[in-house]
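Accompanying notes for the structure given below.
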Amino acid sequence: MRPIRINQGRIFSWYIRLGSLLLTMFLMAVIFQYTPEWLAIPLAIVICMIVPTVWTAFEILEIDHKRKVITEYSSILGRKVNLREYMYDSLEKVFMNKVKMAQRATSYGGHVGTFTSFEYHAFLKTSSGKKYFLLSRENPDWLKEKIVPLAKKLEVPFQENQGQ
């Protein structure tokens, strides 16, 4: 059985990705304006590597059922960075929790508003009791659509906790 890889999302927000693109364009304009051509071209090539590095950064969880190892790592430019491996005896279940999220916002006039919403988080639990985060979404149907096939591949039950 091949390892199962779960892409948990990007490391950098879209603000940072857009900022890296704008910063790179600005630095290239400055380099070509104020440095000689023989130096500007190699510097521009090096600075251009900022954008793909930031745009290809993902958090990955890999479950190798054959070796009984769960690996968490960051994938940057297709390379595994910051590897953390955990051994397990057996997998207990995959479960989904409903979580109430709250955010406070203050306006310029001093009015404080609290916005609440629900989010759904999916976890994998091992027999030792350790939990590994899989995915989260506001839409429970989308999350179930992704998590139920994963539970079937891992041959563990799926449990939905709708508390609150």
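In this text the structure is predicted, and so the values were computed from the model without any measurement. Values below: every heavy atom of this structure, side chains too, minus hydrogens, waters and symmetry copies.
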Student check: side-chain heavy atoms of I16 and S13 closer than 4.5 Å: yes

Residue pair E59 / S74, side-chain donor-acceptor N/O under 3.5 Å: yes

Inter-residue atom distance K144.NZ - K146.NZ, 0.5 Å rounding: 15.0 Å

Rounded distance (nearest 0.5 Å) linking atom CG of L135 with atom CG of L124: 11.5 Å

K130, NZ: over 12 other non-hydrogen atoms inside 6.0 angstrom: yes

Close side-chain approach of R104 and V112, heavy atoms under 4.5 Å: yes

Any I41 side-chain heavy atom under 4.5 Å of F32 side chain: yes

Non-hydrogen atoms of L154 and H65 that approach each other most closely: O-NE2, 3.7 Å

Stepwise side-chain contact (heavy atoms from CB on, under 4.5 Å) check, T114 with T116: CA-CA 7 Å; T114 303; T116 59; 4.3 Å; yes

Spacing of R5 atom CZ and T71 atom OG1 [to the nearest 0.5 Å]: 9.5 Å

Distance (rounded to the nearest 0.5 Å) between L150 CG and I63 CD1: 5.5 Å

pair E62-K80: side-chain heavy atoms closer than 4.5 Å: yes

Co-membership, hydrophobic cluster, residues V94 and W142, 4.5 Å side-chain: yes

Verify same cluster id: I76, M49 (apolar side-chain graph, 4.5 Å): yes

Heavy-atom pair with the smallest gap, counting every atom of N161 and F95: ND2-CD1, 3.7 Å

Nearest-0.5 Å distance that lies between atom OG in S75 and atom CG in N7: 8.5 Å

Pair E85-R67, salt bridge (charged side-chain N to carboxylate O under 4.0 Å, His left out): steps then yes or no: CA-CA 11 Å; E85 286 194 343; R67 290 181 26 221; 3.6 Å; yes

Donor-acceptor contact present, side-chain R137 to main-chain Y120, <3.5 Å: no

Closest contact, heavy atoms only, Q8 versus L134: CG-O, 3.2 Å

K98 NZ/CZ over F118 ring centroid, <6.0 Å and within 45° of normal: yes

Shortest non-hydrogen contact from R17 toward F12: NH1-O, 3.3 Å

Shortest non-hydrogen contact between F158 and I147, atoms and distance: CE1-CG2, 3.6 Å

Stepwise side-chain contact (heavy atoms from CB on, under 4.5 Å) check, V54 with I11: CA-CA 8 Å; V54 171; I11 294 174; over 6 Å; no

T56 side-chain N/O to L77 backbone N/O, donor-acceptor pair under 3.5 Å: yes

N82 backbone acceptor or donor facing R84 side chain under 3.5 Å: yes

Y132 and Y86 aromatic ring geometry - parallel, tilted or perpendicular at 30°/60° bounds: tilted

Joint cluster assignment, I45 & L27, ILVMFWY side-chain distance < 4.5 Å: yes

Common cluster, I31/Y34, ILVMFWY with side-chain heavy-atom separation under 4.5 Å: yes

Considering all heavy atoms, the nearest S136-H121 contact: CB-ND1, 3.5 Å

L39 backbone acceptor or donor facing T35 side chain under 3.5 Å: no

Rounded distance [0.5 Å steps], OG in S20 versus OH in Y15: 15.0 Å

Any donor-acceptor N/O pair, N97 side chain to V99 backbone, under 3.5 Å: no

Donor-acceptor contact below 3.5 Å, side chain K131 vs main chain K125: no

F133 with I6, same ILVMFWY side-chain cluster at under 4.5 Å: no

